[in-house]
Participant: 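What follows is a structure written as structure tokens; I'll ask about it next.
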Amino acid sequence: MKKIMNNPSTIVEEMLSGLVISYPEMIHQVADSRVVAKNDQVEQVGLVSGGGSGHEPAHAGFVGAGMLSAAVLGDVFTSPTPDQIHIAIKEADQGKGVLLIIKNYTGDVLNFDMAKEMAAMEGIEVESVVVDDDIAVENSTYTAGKRGVAGTVLVHKILGDAARKGASLQELKELGDRLVPAIKTIGVALRAATVPEVGKPGFELAEDEIEYGVGIHGEPGYRREKLQPAKVLAEELVTKILADYPEKPKEVGVLVNGMGGTPLMELFVFMNDVQSLLDQESVKVTFHKVGDFMTSLDMQGLSLTMIDLTTKKWQEALESEVHTISW
């Protein structure tokens with residue numbers, strides 16, 4: 001294993017320190033915590049998200065005006081504790097309540113729910129939205145139901161825009177619950193991630209193998225086969241996502257997300273193939289986003305996310321300017 005690090009057991013603290021040192025004009029670390037919060041807290045509903053480390057830039061990279069109020073970091077691929085989440089809720093609360101945006105993993109859901117109860121005992125009104133956009137498998141090692149993956153970032157963006165415009169806590173909760181079913185994601189892995197404290201890949205793929213449907217913690221997917229050209233990979237993912245909608249959308253937004261070890265060159269090749277396939281399906285793409293947004297350490301691979309924009313007024317929210325590190 002080759003990693004640029006000092007001690008695997010302190011890698012999250014050192015990363016967090018380096019993060020806030022790099023962007024002091026935008027974010028700060030709440031004292032005695034693993035919470036990153038935006039500097040310009042304003043009177044609106046606070047938005048809090050988080051999860052295990054190793055998915056950078058999620059979620060701290062999306063803290064700032066127009067997106068999250070605060071993010072909380074756990075150990076690598078491990079949910080943050082309820083106490084840490086509670087600190088994030090208190091930091092984000094500006095008197096109008098706090099909305100938690102939670103990826104659907106058992107540990108995350110349980111710990112965020114416990115923090116929600118702790119905050120309620122202090123008189124802070126808290127609601128939550130659980131994101132389960134990964135349609136690759138129904139149940140996994142870490143979840144009951146579908147996993148929450150890269151589509152979570154689109155939820156940050158759209159709810160962040162609504163919160164900035166003055167939406168109430170209940171309005172944000174209702175919007176989130178309508179939004180999540182419109183977002184669908186599948187990933188594909190070419191090589192597994194290596195967790196620093198483990199020191200070896202989480203699973204083995206031969207040099208000429210790929211696995212469809214792998215999760216962001218290296219959870220198993222639904223099929224392993226020989227490596228195919230980009231257009232074949234794109235056809236697999238596009239076909240499955242379109243088939244999962246009750247009715248094929250006429251208009252979509254597309255997010256091509258790198259898993260941490262994939263060059264941008266390859267992501268743009270993949271986006272080109274996705275666009276061609278959607279053109280053939282007479283599906284109009286009105287929003288494109290390419291880059292690393294929800295990674296899996298150094299995994300080689302990518303995920304494809306679509307959001308149905310046919311009748312929804314979310315285009316403006318996706319295109320609105322924000323002041324964050326990574327959008």
Participant: Between Val256 and Phe268, does a side chain to side chain contact (heavy atoms under 4.5 Å, CB included) hold up when you go through it step by step?
Facilitator: CA-CA 8 Å; Val256 173; Phe268 284 122; over 6 Å; no
Participant: If the condition is side chain to side chain donor-acceptor pair (under 3.5 Å), which residues does Thr152 pass it with, not counting sequence neighbours?
Facilitator: none
Participant: Salt-bridged, Glu316 to Lys165, with N to O below 4.0 Å?
Facilitator: yes
Participant: As a quick check of understanding, evaluate side chain to side chain contact (heavy atoms under 4.5 Å, CB included) for Val149 and Tyr105, giving each step before the final call.
Facilitator: CA-CA 10 Å; Val149 287; Tyr105 294 95; 3.6 Å; yes
Participant: Test the Lys157-Trp314 pair against the cation-pi criterion, namely NZ or CZ under 6.0 angstrom from the six-membered ring centroid and within 45° of the ring axis.
Facilitator: no
Participant: For Asn104 and Val131, indicate whether the former's side chain and the latter's backbone hold a donor-acceptor pair under 3.5 Å.
Facilitator: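 Such a contact is absent between Asn104 side chain and Val131 backbone.
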Participant: Are a donor atom and an acceptor atom from the side chains of Asn111 and Ser79 found within less than 3.5 Å of each other?
Facilitator: yes
Participant: Working to the nearest 0.5 Å, report the span between CG of Leu318 and CD1 of Ile307.
Facilitator: 5.5 Å
Participant: Is the shortest side-chain heavy-atom distance between Glu251 and Val283 below 4.5 Å?
Facilitator: no
Participant: Please enumerate all residues that pass salt bridge (Lys or Arg N to Asp or Glu O under 4.0 Å) together with Lys38, with sequence neighbours excluded.
Facilitator: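 By the salt bridge (Lys or Arg N to Asp or Glu O under 4.0 Å) rule, Lys38 matches no residue at all.
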Participant: Just by distance, do the side chain of Gln44 and the backbone of Val42 share a donor-acceptor pair under 3.5 Å?
Facilitator: no
Participant: State the CZ-CD1 distance between Arg147 and Ile135, to the nearest 0.5 angstrom.
Facilitator: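 Spacing of CZ (Arg147) from CD1 (Ile135) equals 11.0 Å.
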Participant: Testing Arg223, Gln228, Lys231 one by one against Glu236 for a side chain to side chain donor-acceptor pair (under 3.5 Å), which residue passes?
Facilitator: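 Per the side chain to side chain donor-acceptor pair (under 3.5 Å) rule, the option paired with Glu236 is Arg223, out of Arg223, Gln228, Lys231.
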Participant: Distance-only, no hydrogens or angles: does the Ser276 side chain make a donor-acceptor pair with backbone N or O of Asn272 under 3.5 Å?
Facilitator: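 Pair found, side chain donor or acceptor close to backbone of Asn272.
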Participant: Calculate, to the nearest 0.5 Å, the distance between atoms OG and CD1 belonging to Ser22 and Ile27 respectively.
Facilitator: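 Ser22 atom OG to Ile27 atom CD1 measures 8.0 Å (nearest 0.5 Å).
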Participant: Side-chain donor-acceptor pairs under 3.5 Å in residues 62-78, sequence neighbours left out?
Facilitator:
residue, atom, partner, partner atom, Å
Ser69, OG, Leu47, N, 3.0
Asp75, OD1, Arg34, NH1, 2.7
Asp75, OD1, Arg34, NH2, 2.9
Thr78, OG1, Val76, O, 3.1

Participant: Can you tell if the side chain of Ile101 reaches within under 4.5 Å of the side chain of Leu159, non-hydrogen atoms only?
Facilitator: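 They are in contact (side-chain heavy atoms under 4.5 Å apart), so the answer is yes.
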Participant: Keeping Thr239 on the side-chain end and Glu235 on the backbone end, is there a donor-acceptor pair under 3.5 Å?
Facilitator: yes
Participant: To the nearest 0.5 Å, tell me how far Lys173 NZ sits from Leu100 CG.
Facilitator: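 The distance works out to 10.0 Å.
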Participant: Taking the basic N atoms (NZ, or NE/NH1/NH2) and the acidic carboxylate oxygens, is any pair closer than 4.0 Å for Asp133 and Lys184?
Facilitator: no
Participant: Give a yes or no answer on whether the side chain of Ser296 reaches the backbone of Met299 with a donor-acceptor pair at less than 3.5 Å.
Facilitator: no
Participant: Any side-chain heavy atom of Leu190 sitting closer than 4.5 Å to one from Leu205?
Facilitator: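 Counting from C-beta outward, Leu190 and Leu205 never come under 4.5 Å.
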Participant: Hydrogens and angles aside, do Glu56 and Thr295 bring a side-chain donor and acceptor to less than 3.5 Å of each other?
Facilitator: no
Participant: Just how far is it from atom CG of Leu267 to atom CE of Met259, taken to the nearest 0.5 Å?
Facilitator: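 So the gap between those two atoms works out to 10.5 Å.
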Participant: Is the closest side-chain heavy-atom distance between Val274 and Val285 below 4.5 Å?
Facilitator: no
Participant: Can you check whether Ser320 reaches Arg164 side chain to side chain, under 4.5 Å on heavy atoms?
Facilitator: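 With C-beta onward as the side chain, the pair touches.
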Participant: Does the distance from a Lys or Arg side-chain N to an Asp or Glu carboxylate O, for Asp113 and Lys116, drop under 4.0 Å?
Facilitator: no
Participant: Sequence neighbours excluded, which residues qualify as side chain to side chain contact (heavy atoms under 4.5 Å, CB included) partners of Leu110?
Facilitator: Thr106
Participant: In Å, rounded to the nearest 0.5 Å, how long is the span from CD of Glu204 to CZ of Arg191?
Facilitator: 11.0 Å
Participant: Could you list all the side-chain hydrogen bond (donor to acceptor under 3.5 Å, both in side chains) pairs where at least one residue sits in residues 87-99, not counting sequence neighbours?
Facilitator: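 Only His28-Glu91 qualify under side-chain hydrogen bond (donor to acceptor under 3.5 Å, both in side chains).
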Participant: Do the side-chain N and O atoms of Thr310 and Lys284 include a donor-acceptor pair separated by under 3.5 angstrom?
Facilitator: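 No, no side-chain donor-acceptor pair sits under 3.5 Å.
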Participant: Side chain to side chain contact (heavy atoms under 4.5 Å, CB included) for Val36 and Leu19? Distances and angles first, verdict last.
Facilitator: CA-CA 9 Å; Val36 174; Leu19 178 70; 4.1 Å; yes
Participant: Evaluate the criterion salt bridge (charged side-chain N to carboxylate O under 4.0 Å, His left out) for residue pair Lys3 and Asp298; output intermediate values, then yes/no.
Facilitator: CA-CA 10 Å; Lys3 298 281 186 184; Asp298 57 345; 3.3 Å; yes
Participant: Ignoring hydrogens and angles, tell me if any N or O in the side chain of Glu209 forms a donor-acceptor pair with the backbone of Ala206 under 3.5 Å.
Facilitator: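 The answer is yes, because a donor-acceptor pair under 3.5 Å joins these two groups.
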Participant: Do Phe287 and Val252 have side-chain heavy atoms sitting under 4.5 Å apart?
Facilitator: no
Participant: Checking the side chain of Tyr23 only, and the main-chain atoms of Ile325 only, is there a donor and an acceptor separated by less than 3.5 Å?
Facilitator: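 A pair under 3.5 Å: no.
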Participant: Checking Lys240 against Tyr212: charged group under 6.0 Å from the ring centre and within 45 degrees of the axis?
Facilitator: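 That pair does not qualify as a cation-pi contact.
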Participant: Do Ile186 and Leu304 make a side-chain contact, defined as non-hydrogen atoms from C-beta onward lying under 4.5 Å apart?
Facilitator: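 They are not in side-chain contact.
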Participant: Kindly indicate whether the side chain of Ile85, heavy atoms from C-beta on, has any atom under 4.5 Å from the side chain of Thr81.
Facilitator: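 The answer is no, as the side chains (C-beta and beyond) never meet within the 4.5 Å cut-off.
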Participant: For Glu14 and Thr10, which I'm curious about, is there any donor-acceptor pair between the side chains at under 3.5 Å?
Facilitator: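 Judged by distance alone, the side chains do pair up.
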Participant: State which residues pass salt bridge (Lys or Arg N to Asp or Glu O under 4.0 Å) with Glu125; sequence neighbours excluded, sorted by chain then number.
Facilitator: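 Result, salt bridge (Lys or Arg N to Asp or Glu O under 4.0 Å) vs Glu125: none returned.
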